[in-house]
Colleague: 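First the structure, which I've put down as structure tokens, then a few questions once you've had a look.
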Amino acid sequence: MEYKELAEVYEALENTTKGLEKTKILAAFLDKIRSEPQVIYLLQGRIFADFDSRDLGISHQLVIRAISRACGVEDKEVVKYFKEKGELGKVAEKLIKEKKTQTALFSKKLKVSMVISNLRKISEIEGQGSVDLKVGLVVDLLHSGTPKEAKYIIRTVLGDLKVGVGNGILRDAIVEIVFAPKDLEEKKKYSVKVQEAYDKSTDFAEVFSKALSKTLESIKLTPGKPVKVMLFPKAKNVEDAFRIVGRPAAFEYKYDGFRVMINKNRFGSIKIFTRRLEEVTKQFPEIIDYVQENVKGETFILDSEAVGFDSKTGEYTDFQAVSQRIRRKHGIEVMMKTLPIEVAVFDIIYLDGKSLINTSFRERRKILEKIITPRDKKIVLAKQIITGDAKVVEKFYAEALADGQEGLMGKNLEAPYKPGARIGHAVKLKPEDKDFDLVITGAEWGTGKRTGWLTSFDVSCRGDSGELLDVGKVSTGLKELEGADLSYNEITKRLKKLEISEEGRKIKVRPKIVITVQYQDIQKSVNYSSGYALRFPRIIRLREDRSVEDIATVSEIRDEIGI
Ligand code: AMP
């Protein structure tokens, strides 16, 4: 297929904000790529499946270099237009247009397969001379593309396609083109089927091709490949928890760490993934040891929380303390000592060749108790009671809080495990907390003694169809201390890598960094696209383990003020 066709679809998608129209455009395009399902990755603005965390490692600076080389102009000129247009895709479009009219250059038609192959090569290049090679591969693509194609190539390289294709829309388009549902009921039925297949495989190309061959059921959990984790709604209080999960129910400590899915495949290799499907095996060698020594089973997938504790006192520490371990790839031995963790296993969804997602939670817990030998401060089973008595739960709740944990989880004993779904098979119970996980979409440079740091951040939640909506700015909560995880310095370094445009003292960034923002109040506001503003917001956590898909939705914000 020619890349031109894809560029036209991107353009059509960009020209509408309506979810239904986007679905239609996508469905018509999917019809053309029945035999090339991998093109779906490009539609998502990616080059690999969602479960594959390889990335291109191309900064802004390198893209500027590639554009200047491809167009025979100086970097300075690219930077000048960048300031004017605010986005490098449009700069590439303009400069390629000028160059092509000047030289009447004939280019061969750019194929989608070449785009995929060049971009994949980029993700594999490492070591000396890699920068030049990477730039060269982008230049090649720019040489072969039309101005419009150049715009989308650059956006893909920068990981910011701006066409608004979320997972929900893609799922609906697959349903539309493959199953052509007759009515709403059929549509719902097939959406659930496609979504379930996606949550197990986290690969839309696979889901599409299996849907086409009517073999969606053949998509199975595969240890070693990450799945979407089950999510949990909030309960207001203990009675509310019973109402949602039934009585009696299981109640467990809600550990204040980060979620890890521990996979052991049939070759005995153990892999660890976060809930955003990122592999963190190298960062946690001790988990491998704990699992190898204390968990029986040829193959399995465990759902668990990694919790930090103080190596001297043994007391649990909060998430922020250990969160730096998720990212660090060096000095791991030292970190293992200074920031030790305990794994609290709370679920199992696969054992010895068999999926357990349709097995009841009661049974799954029994299996966990059989295969795990608990070792204090290494690997344990989530602390649990089973009761129908609210008083007993209240007592357990107080114990969890006194033990430094966040609260309790209440779990339906008969429920299956639903990857990816936020349904009431289990609920969380936490003391009244006024905070939301939000994503940073922009920032502003500081002044005075904070010159050189980004010090104010635009934050967004998700709209009903997955779009980002801003809910305010936050500028308190960070430390000036260098080296601290929540420091201006650290956040500035990270945001700079994600920059997509700048205007005066402000920059816009790709929505990748998720933070927990505490607030005192929520107000209706016409200044922000969500329609709400957080009053007295304060950053309390950097959520390494979360992605933009995990942030608060506008309905949750609405619920909070009871509108
Ligand atoms: P929240 O992060 O507030 O949405 O709460 C849900 C998270 O609590 C899950 O994603 C897990 O990371 C964590 N968690 C801690 N302890 C448990 C437990 N016993 N069962 C399930 N989730 C738990």
Side-chain angles (χ1 to χ4, degrees), residues 226-236 241 244-245 249-262 272-278 280 301-309 316-320 322-323 326 341-349 361-362 364-365 368-369 372 374 379-386 393 396-397 399-401 403-413 415 417-438 461-462 514-518 540-547 549-553 556 560:
V227 287
K228 290 278 190 184
V229 297
M230 180 158 71
L231 300 166
F232 314 106
K234 266 189 203 165
K236 293 193 184 72
I244 303 171
V245 299
F251 286 86
E252 294 178 354
Y253 268 28
K254 181 179 189 314
Y255 294 90
D256 188 10
F258 54 92
R259 192 146 180 188
V260 283
M261 293 290 263
I262 303 169
I272 308 164
F273 298 98
T274 66
R275 60 187 266 173
R276 52 192 280 191
L277 315 179
E278 237 173 337
V280 290
I301 305 177
L302 306 177
D303 198 352
S304 63
E305 189 85 349
V307 208
F309 62 89
Y316 289 118
T317 52
D318 75 356
F319 163 81
Q320 200 58 52
V322 286
S323 73
I326 303 176
I341 48 145
E342 175 182 79
V343 181
V345 183
F346 54 78
D347 219 324
I348 179 163
I349 58 174
F361 176 63
R362 188 197 296 275
R364 300 203 302 278
R365 170 78 187 199
L368 281 179
E369 286 167 5
I372 296 180
I379 187 165
V380 295
L381 285 160
K383 241 185 179 177
Q384 191 195 68
I385 55 167
I386 293 178
V393 182
F396 191 50
Y397 193 3
E399 273 167 32
L401 295 177
D403 230 354
Q405 300 307 341
E406 275 192 301
L408 294 184
M409 302 293 302
K411 302 188 173 183
N412 181 327
L413 288 162
Y417 187 102
K418 282 260 178 214
R422 189 187 295 276
I423 38 177
H425 290 343
V427 290
K428 46 193 186 197
L429 256 177
K430 290 198 268 185
E432 184 53 40
D433 51 347
K434 289 188 163 190
D435 60 53
F436 286 118
D437 286 347
L438 302 168
C461 63
R462 274 150 62 88
V514 176
I515 51 178
T516 307
V517 179
Q518 201 176 51
I540 54 167
R541 285 172 168 195
L542 196 58
R543 294 290 338 197
E544 301 287 357
D545 56 332
R546 312 226 158 158
S547 72
E549 281 183 35
D550 299 315
I551 62 175
T553 59
E556 286 171 297
E560 214 55 45

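One-based numbering, in listed order, for ligands and for the atoms of each. Numbers here are sequence positions counted from 1.
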Colleague: Just to be sure I read this right, does ligand 1 sit under 4.0 Å from the backbone of Tyr253, its side chain, both, or neither, counting only heavy atoms?
Modeller: backbone

Colleague: Which of the atoms of ligand 1 are close to Arg546, meaning less than 4.0 Å from one of its heavy atoms?
Modeller: 2 (O)

Colleague: Identify the residue among Ile348, Leu368, Leu381, Ile262 that makes a side chain to side chain contact (heavy atoms under 4.5 Å, CB included) with Ser304.
Modeller: Ile262

Colleague: Considering only heavy atoms of Met409, which atoms of ligand 1 have at least one such atom less than 4.0 Å away?
Modeller: 17 (C), 18 (C), 19 (N), 20 (N), 21 (C)

Colleague: Kindly say whether Ala382 contributes a backbone atom to a donor-acceptor pair with the side chain of Glu252 at under 3.5 angstrom?
Modeller: no

Colleague: With heavy atoms of Arg275 as the reference, note each atom of ligand 1 found under 4.0 Å away.
Modeller: 10 (O)

Colleague: Which residue supplies the protein heavy atom nearest to atom 13 (C) of ligand 1, what is that atom called, and how far is it?
Modeller: Glu305 OE1, 3.2 Å

Colleague: Report the nearest protein non-hydrogen atom to atom 20 (N) of ligand 1: residue, atom name, distance rounded to 0.1 Å.
Modeller: Lys411 NZ, 2.8 Å

Colleague: Parallel, tilted or perpendicular: which one describes the rings of Tyr253 and Phe396, with boundaries at 30° and 60°?
Modeller: tilted

Colleague: Give me the one residue out of Val514, Ile515, Ile551, Leu438 that meets side chain to side chain contact (heavy atoms under 4.5 Å, CB included) with Arg543.
Modeller: Val514

Colleague: Please determine whether side chain to side chain contact (heavy atoms under 4.5 Å, CB included) holds for the pair Phe258 and Val322, giving the CA-CA distance in whole Å, both sets of side-chain angles, and the decisive distance to 0.1 Å.
Modeller: CA-CA 9 Å; Phe258 54 92; Val322 286; 3.8 Å; yes

Colleague: May I ask you to decide whether Arg462 forms a salt bridge with Asp550, counting only side-chain N to carboxylate O separations under 4.0 Å?
Modeller: no

Colleague: Does even one non-hydrogen atom of Glu406 get within less than 4.0 Å of ligand 1?
Modeller: no

Colleague: Students should be able to answer this: which protein heavy-atom is nearest to atom 23 (C) of ligand 1, and at what distance?
Modeller: Phe346 CE2, 3.6 Å

Colleague: Can you pull out the closest protein heavy atom to atom 4 (O) of ligand 1? Residue, atom name and distance to 0.1 Å, please.
Modeller: Lys428 NZ, 2.5 Å

Colleague: Is Gln405 in contact with ligand 1, taking contact as a heavy-atom separation below 4.0 Å?
Modeller: no

Colleague: Using a strict 4.0 Å cut-off to heavy atoms of Lys430, name the atoms of ligand 1 that fall inside it.
Modeller: 3 (O)

Colleague: If only side-chain N and O atoms count, and only distance matters, is there a donor-acceptor pair under 3.5 Å linking Asp435 with Thr516?
Modeller: no

Colleague: Do Arg275 and Asp545 meet the salt-bridge criterion of a basic N to acidic O distance under 4.0 Å?
Modeller: no

Colleague: Nearest to atom 6 (C) of ligand 1, what protein heavy atom do you find, and at what distance?
Modeller: Lys254 NZ, 3.8 Å

Colleague: Can you tell me the protein heavy atom closest to atom 16 (N) of ligand 1 and the distance?
Modeller: Tyr255 N, 3.0 Å

Colleague: For atom 9 (C) of ligand 1, what is the nearest protein heavy atom, given as residue, atom name and distance?
Modeller: Arg259 NH1, 3.5 Å

Colleague: For Gly257, does its backbone N or O pair with a side-chain atom of Glu305 as donor and acceptor, under 3.5 Å?
Modeller: yes

